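Shown next, in structure tokens, is the structure this report addresses.
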Amino acid sequence: MYTQISKLSQYIGQEVTLKGWLNNKRSSGSIAFLELRDGSGFIQCVVSKKEVTEEIWSEVEKSTQESSVEITGIVSKHPKQVDLYELQAKSYKLIQLSIDYPIANKDHGPEFLMDNRHLWLRSKKQWAILRVRDVVITAINGYLHSQGFIKVDSPIFTPNACEGTTTLFAVPYFDEGSAYLSQSGQLYIEAAIASVGRCYDFGPVFRAEKSKTKRHLSEFWMMDAEGAFIEHEENLQIQEGLIKYIIKKTLENCQVELNILERNIEPLKKVLELPFIRLTYKEAIKKLTELGSDIKYGEDLGNDDEGLLTKDSAVPVFIEKWDKGIKPFYMKLDQEDPTRVLNDDLIAIEGAGEIIGGSQREDNFDLLLERIRHEGLSEKEYEWYTDLRKYGSVPHSGFGIGLERMVRWMTGVEHIRECIPFPRTINRLKP
Ligand code: ATP
């Protein structure tokens, strides 16, 4: 019976066939320990020379790391570890012999590993990260649907910028001149809420900013959510609910993976128990000044500032109601204090930095137009967007979460480039 490693608990004492790749091999001359991986998990297969034919034993002997193989044997519980199984091999087939696999089970430098990303993905740690990434994606989709959001999609080729052109990748586009790769689908899903009420997009976005930090990619996956009749307060509640749901699902479904990644899960468990902290931008600046930062009112928070604000915090911190001067034109002015907007950045703990940016959107036609003019943006280009404020405008809010930032936090890996299968950064386009 052909099955997968993840299903072996159903087959104790029975004969099964597994197909996969050799992760590792140790041999003592008369007994070989083969670590097999099949994508669903890892298992130790034991081949005893005296239990198999000479032909099979010689196949085992010549097998190397990453050879593709098929092993048939009896499933038993691992003698020492719970929830782990072993396969006592009876038969063995080498599908393809892997010769001189470049990534040995030893330390390699990051550049070498990145050059070999197509192979590096097979390593245990990268396998674990890919699986956590999948659980985070599934959790995001699940939570949003539970809150009445449906997935609509936004275009990747866009004619104009959401927030200026300096960080956009331009591409030639037929007779239209340049198109720009989207850096957020927000404006488009704002249009879709008047059709479906609550919706989101989830796909790759592109930023041409020359950031060389451990949390910036030039291509990353973003989920933008948007909802009609959602105001600032509810927007924050949805964001907090989403983050807690992602953590809960990651802890439930990724025990093996988090263990491989040596992730201390205590801080994540704690986040589930407490409400998130909220600071206004003004309060954040005051606190930062007290903590020794030289940040001035009206400036954006740097990486160090985000670290300072969250260093003693057990939960993520919302920084809300920023000065309107440093935020984009579409954010709604706060009626209580029109020098600021109804927005938030959510800063995660454990040095993970900003993971969400959100806001209530300006729904008043005249005010929106005034902001567009004030920022020197083209009224014509944004005509379709301002149209949305002409025909049944409603209060609405939304936010964007960076998938890889979230995966980086959940896995605890240091560099964001490991949180996407094939990273694109300022100095990496291959493989
Ligand atoms: P930062 O200040 O950290 O550069 P930002 O303010 O430009 O981020 P937004 O435009 O609000 O970010 O984007 C929403 C979310 O997308 C961020 O909170 C973050 O999770 C993610 N994000 C933004 N830029 C990047 C990037 N270059 N690489 C990976 N994720 C990113």
Side-chain angles (χ1 to χ4, degrees), residues 129 133 136-137 140 154 158 161-169 180-187 189 200-226 235-236 238-240 242-243 246 276 281 284 295 299-307 309-310 316-320 322-323 326-331 341-361 397-411 413-428:
I129 298 170
R133 183 182 160 101
V136 173
I137 294 170
I140 291 175
S154 54
T158 61
C162 192
E163 300 170 33
T165 56
T166 49
T167 58
L168 288 172
F169 286 102
Y180 300 96
L181 300 184
S182 175
Q183 53 180 350
S184 160
Q186 178 207 318
L187 303 192
I189 58 168
Y200 67 101
D201 65 11
F202 201 169
V205 291
F206 307 85
R207 304 265 169 112
E209 60 202 342
K210 293 191 169 148
S211 308
K212 280 190 182 164
T213 76
K214 291 176 178 165
R215 49 201 198 105
H216 286 91
L217 293 161
S218 45
E219 174 180 324
F220 65 96
W221 280 61
M222 178 140 90
M223 188 288 291
D224 292 291
E226 196 73 27
N235 195 23
L236 265 56
I238 293 171
Q239 293 168 42
E240 181 166 335
L242 171 66
I243 299 302
I246 297 172
F276 290 4
Y281 170 72
I295 190 167
E299 289 176 357
D300 201 355
L301 267 57
N303 193 15
D304 293 347
D305 297 318
E306 290 178 0
L309 279 182
T310 48
V317 178
F318 279 115
I319 304 178
E320 57 174 345
W322 288 54
D323 185 86
I326 40 171
K327 288 293 170 184
F329 72 94
Y330 54 73
M331 294 186 177
V341 286
L342 292 174
N343 78 313
D344 67 278
D345 276 5
L346 182 63
I347 318 297
I349 53 167
E350 304 181 276
E354 185 200 317
I355 44 173
I356 288 184
S359 69
Q360 184 163 346
R361 322 303 188 186
S397 306
F399 62 94
I401 178 170
L403 172 63
E404 292 77 15
R405 292 260 177 107
M406 195 62 200
V407 173
R408 177 171 172 254
W409 179 26
M410 293 300 97
T411 55
V413 304
E414 201 183 327
H415 205 299
I416 197 166
R417 65 187 168 206
E418 290 185 46
C419 300
I420 185 163
F422 292 95
R424 301 295 178 237
T425 59
I426 181 168
N427 46 23
R428 175 152 310 268

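All of these numbers come straight from a predicted model, not from anything done at the bench. Counting begins at 1 with the first residue of the sequence. Whatever order the structure lists ligands and atoms in, that order sets their numbers, starting from 1. Computed from heavy atoms alone, side chains included, the values below leave out hydrogens, waters and symmetry copies.
- In the vicinity of Glu209, heavy-atom distances shorter than 4.0 Å reach the ligand 1 atoms 27 (N).
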Next item on the list: Please step through side-chain contact (heavy atoms from CB on, under 4.5 Å) for the pair Leu309 and Ile347, ending with a clear verdict.
Entry: CA-CA 9 Å; Leu309 279 182; Ile347 318 297; 5.6 Å; no
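- Comparing heavy-atom distances from atom 13 (O) of ligand 1 across Arg207, Gln183, Glu404 singles out Arg207 as nearest.
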Margin query: Does Arg408 form a side-chain contact (heavy atoms from CB on, under 4.5 Å) with Arg215? I'd like the steps, not just the answer.
Written below: CA-CA 8 Å; Arg408 177 171 172 254; Arg215 49 201 198 105; 3.7 Å; yes
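- The CD1 atom of Ile356 sits 7.5 Å away from the CG atom of Asp344 when rounded to the nearest 0.5 Å.
- Heavy atoms of Met406 stay at 4.0 angstrom or farther from ligand 1.
- The heavy atom nearest to atom 20 (O) of ligand 1, out of those in Ile355, Ile426, Asp300, Val205, is found in Ile355.
- If you number the atoms of ligand 1 from 1 as listed, the ones under 4.0 Å from a heavy atom of Gly357 come out as 11 (O), 18 (O).
- When the heavy atoms of Trp221, Trp409, Phe399, Phe220 are ranked by distance to atom 22 (N) of ligand 1, first place goes to Phe220.
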Note to self: Between Leu236 and Phe276, is the side-chain contact (heavy atoms from CB on, under 4.5 Å) condition met? List the steps.
What the structure shows: CA-CA 10 Å; Leu236 265 56; Phe276 290 4; over 6 Å; no
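- Here Met222 has side-chain heavy atoms under 4.0 Å from ligand 1, and that is the only part of it that gets that close.
- Within 6.0 Å of CD on Glu209 lie more than 12 heavy atoms contributed by other residues, nucleotides or ligands.
- Separation of atoms CE (Met223) and CE (Met406) is listed at 10.5 Å; rounding is to 0.5 Å.
- Contact annotation for His216 and ligand 1: heavy atoms of both the backbone and the side chain come within less than 4.0 Å of the ligand.
- On a distance-only criterion, Gly400 and ligand 1 share no N/O pair closer than 3.5 Å.
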Next item on the list: Might you work through the side-chain contact (heavy atoms from CB on, under 4.5 Å) test for Glu354 and Glu306, ending with a clear yes or no?
Entry: CA-CA 8 Å; Glu354 185 200 317; Glu306 290 178 0; 3.6 Å; yes
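- When heavy-atom distances to ligand 1 are checked against a 4.0 Å cut-off, Glu354 comes that close through both its backbone and its side chain.
- If you number the atoms of ligand 1 from 1 as listed, the ones under 4.0 Å from a heavy atom of Ile356 come out as 18 (O).
- Residue Gly402 has at least one heavy-atom neighbour below 4.0 Å for each of these atoms of ligand 1: 15 (C), 16 (O), 20 (O), 21 (C).
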Item checked: Stepwise salt bridge (charged side-chain N to carboxylate O under 4.0 Å, His left out) check, Glu404 with Arg417 -> CA-CA 8 Å; Glu404 292 77 15; Arg417 65 187 168 206; over 6 Å; no
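- Looking at every heavy atom in both residues, Ser218 comes nearest to Ile426 through OG-N, 4.3 Å.
- The contact set between ligand 1 and Ile416, taken as ligand atoms under 4.0 Å from a residue heavy atom, comprises 29 (C).
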